[in-house]
Student: 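Structure below; questions to follow.
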Protein chains: 2
Amino acid sequence: MENRHPARPAAPTGPCAAWPAEKGETIRQIVERAGDKWTVLVVSALHAGPLRYTDLQRSVPGISQRMLTHTLRQLRRDGLVTRTAYAEVPPRVEYELTPLGASLIAAVTALIDWAGTHHDEIHAHCARFDDAEPAS
Amino acid sequence: MENRHPARPAAPTGPCAAWPAEKGETIRQIVERAGDKWTVLVVSALHAGPLRYTDLQRSVPGISQRMLTHTLRQLRRDGLVTRTAYAEVPPRVEYELTPLGASLIAAVTALIDWAGTHHDEIHAHCARFDDAEPAS
DNA sequence: CTGTATCCGACTGGATACTG
DNA sequence: CAGTATCCAGTCGGATACAG
């Protein structure tokens with residue numbers, strides 16, 4: 001009743017105004033951000049050290065320019081990465097992880113660790129379920 | 001080059017066949033699953049104990065039947081929750097978290113904990129960025 | 001009560017082409 | 001090299017109606 005929104009009131013890709021939601025919603029935002037495919041991959045790639053735009057593209061196979069740019073901007077906006085542009089003839093831009101960004105890796109690692117640990121279990125249950133109910 | 005897929009090769013909502021990807025892709029699947037808004041909320045609700053379908057709907061405000069059913073099925077498929085149907089005149093179905101599902105909470109909690117800890121930092125950086133570059 | 005099926009709008013994200 | 005803009009298909013997800 002109180003929610004008349006036809007869709008989501010806040011867009012993750014939108015302006016900063018998306019954040020001031022309540023704590024519960026904030027967590028959802030964070031999880032969506034941190035759980036984002038490209039965010040995780042880019043942050044992981046940056047974990048090894050600073051990288052240039054094109055190097056980043058090579059470090060994250062399959063990412064499009066659109067998504068790389070988009071993800072980097074979000075990451076910058078949230079203070080997870082820094083952008084350093086060198087005003088040289090061949091333009092050079094380096095992206096580096098901030099301590100905040102580095103701290104995210106620890107949390108994500110827990111999830112990845114869980115994934116690795118229980119991957120077989122999930123697959124086993126999945127196969128069993130699929131075998132039990134093949135025709136929906 | 002080697003990827004000619006016009007879109008995602010594996011759908012998270014699709015059949016079990018989505019899993020047998022390589023380790024890197026598997027992690028992505030897990031993160032997407034675990035990072036899903038409704039998955040987290042439903043698992044959290046179930047953490048307190050077994051719940052019926054309608055109780056689940058009430059415990060997760062804003063979820064639609066479509067998404068509740070959908071999420072529940074995925075969770076069952078992955079072996080994170082169990083479904084127990086009682087063949088009674090008023091049909092009763094209870095969903096309960098498996099140990100595997102309970103273990104996921106620990107991993108997600110790490111992420112939520114990170115969110116809570118650095119929420120202010122992110123917000124601060126966000127506001128600063130927004131202030132520094134208002135006109136895109 | 002416990003779902004399932006369909007319609008349909010909104011957002012995601014890849015491909016491509018073009019600018020500084 | 002670094003980034004932006006547009007097009008467009010696929011997917012998500014809510015509302016609704018209906019079935020077991």
Side-chain angles (χ1 to χ4, degrees), chain A residues 1-14 18 28-29 32-33 35-39 41-42 50-76 81 83-95 133 135-136, chain B residues 1-15 18 28-29 32-33 35-39 41-42 50-58 60-76 81 83-95 133 135-136:
Chain A
M1 293 295 188
E2 59 286 341
N3 277 328
R4 282 287 172 209
H5 309 284
R8 300 199 226 172
T13 61
R28 178 186 155 236
Q29 297 290 343
E32 282 190 359
R33 181 73 50 91
D36 180 64
K37 175 187 176 183
W38 298 125
T39 298
L41 294 175
V42 168
L51 285 175
R52 304 174 54 164
Y53 189 85
T54 41
D55 291 333
L56 222 32
Q57 264 192 312
R58 227 169 302 129
S59 297
V60 184
I63 195 170
S64 62
Q65 285 164 347
R66 175 180 168 78
M67 282 301 104
L68 180 55
T69 301
H70 186 78
T71 304
L72 283 173
R73 184 177 300 178
Q74 278 189 165
L75 256 23
R76 274 211 303 148
V81 305
R83 192 188 105 119
T84 308
Y86 300 89
E88 302 172 353
V89 189
R92 199 181 76 205
V93 178
E94 283 196 340
Y95 291 92
E133 305 178 26
S136 70
Chain B
M1 297 295 183
E2 59 286 339
N3 278 328
R4 283 288 173 206
H5 310 283
R8 300 201 227 170
T13 60
R28 177 185 155 236
Q29 299 289 345
E32 281 191 0
R33 182 72 49 92
D36 179 62
K37 175 186 176 181
W38 299 126
T39 298
L41 294 176
V42 168
L51 285 175
R52 303 173 56 165
Y53 188 83
T54 42
D55 292 332
L56 222 32
Q57 264 192 310
R58 227 168 303 129
V60 184
I63 195 171
S64 61
Q65 285 167 346
R66 175 181 168 81
M67 282 300 104
L68 179 55
T69 302
H70 185 79
T71 304
L72 246 24
R73 184 179 299 177
Q74 278 189 166
L75 256 24
R76 275 211 302 148
V81 305
R83 191 188 104 120
T84 309
Y86 300 89
E88 302 172 352
V89 188
R92 199 182 75 205
V93 178
E94 282 196 340
Y95 290 93
E133 305 179 27
S136 73

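Just so it is clear: chains get the letters A, B, ... in the order the sequence lines come, proteins before strands, and each one is counted from 1.
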Student: Looking at every strand, decide which applies to B:Tyr86 at a 4.0 Å heavy-atom threshold: base, sugar-phosphate, or nothing.
Tutor: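 Counting heavy atoms under 4.0 Å across all strands, no contact is made by B:Tyr86.
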
Student: Quickly work out the A:Gln57 CD to D:dC1 P distance and round it to whole Å.
Tutor: 10 Å

Student: Please name the pair of heavy atoms, one in B:Glu94 and one in B:Tyr86, separated by the smallest distance, quoted to 0.1 Å.
Tutor: OE1-OH, 3.8 Å

Student: B:Arg92 or A:Trp38: which one's nearest nucleotide on DNA chain C is closer to the 5' end?
Tutor: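 Going by which nucleotide is closer to the 5' end, it is B:Arg92.
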
Student: Quick one: label A:Thr69 by what it contacts on the DNA or RNA (base, sugar-phosphate, nothing), any heavy atom closer than 4.0 Å.
Tutor: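 Counting heavy atoms under 4.0 Å across all strands, the contact made by A:Thr69 includes a base.
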
Student: Among the nucleotides C:dA17, D:dA2, C:dT2, which one has an atom lying closest to any side-chain atom of B:Thr54?
Tutor: C:dT2

Student: Taking the minimum atom-to-atom distance to the side chain of B:Ser64, which one of C:dA15, C:dG3, D:dG14 wins?
Tutor: D:dG14

Student: Among C:dG3, D:dG14, C:dA15, find the nucleotide with the atom closest to the side chain of B:Gln65.
Tutor: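 Out of C:dG3, D:dG14, C:dA15, the nucleotide with an atom closest to B:Gln65's side chain is C:dG3.
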
Student: Quick one: pull up NE2 in B:His70 and CG in B:Leu75 and give me the separation to the nearest 0.5 Å.
Tutor: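 One gets 10.5 Å once the value is rounded to the nearest 0.5 Å.
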
Student: State which of D:dG13, C:dG3, C:dG13 makes the closest approach to the side chain of B:Tyr53.
Tutor: C:dG3

Student: Using OP1 and OP2 only, check whether a side-chain N or O of A:Arg66 sits under 4.0 Å from C:dT16.
Tutor: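 Result: no.
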
Student: Which heavy atom of B:Met67 sits nearest to which heavy atom of B:Trp38, and what is that distance?
Tutor: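 What the structure gives for the nearest pair is CG-NE1, 3.7 Å.
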
Student: Nearest to the B:Met67 side chain among C:dG13, C:dA17, D:dG14, which nucleotide is it?
Tutor: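 Nearest listed nucleotide: D:dG14.
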
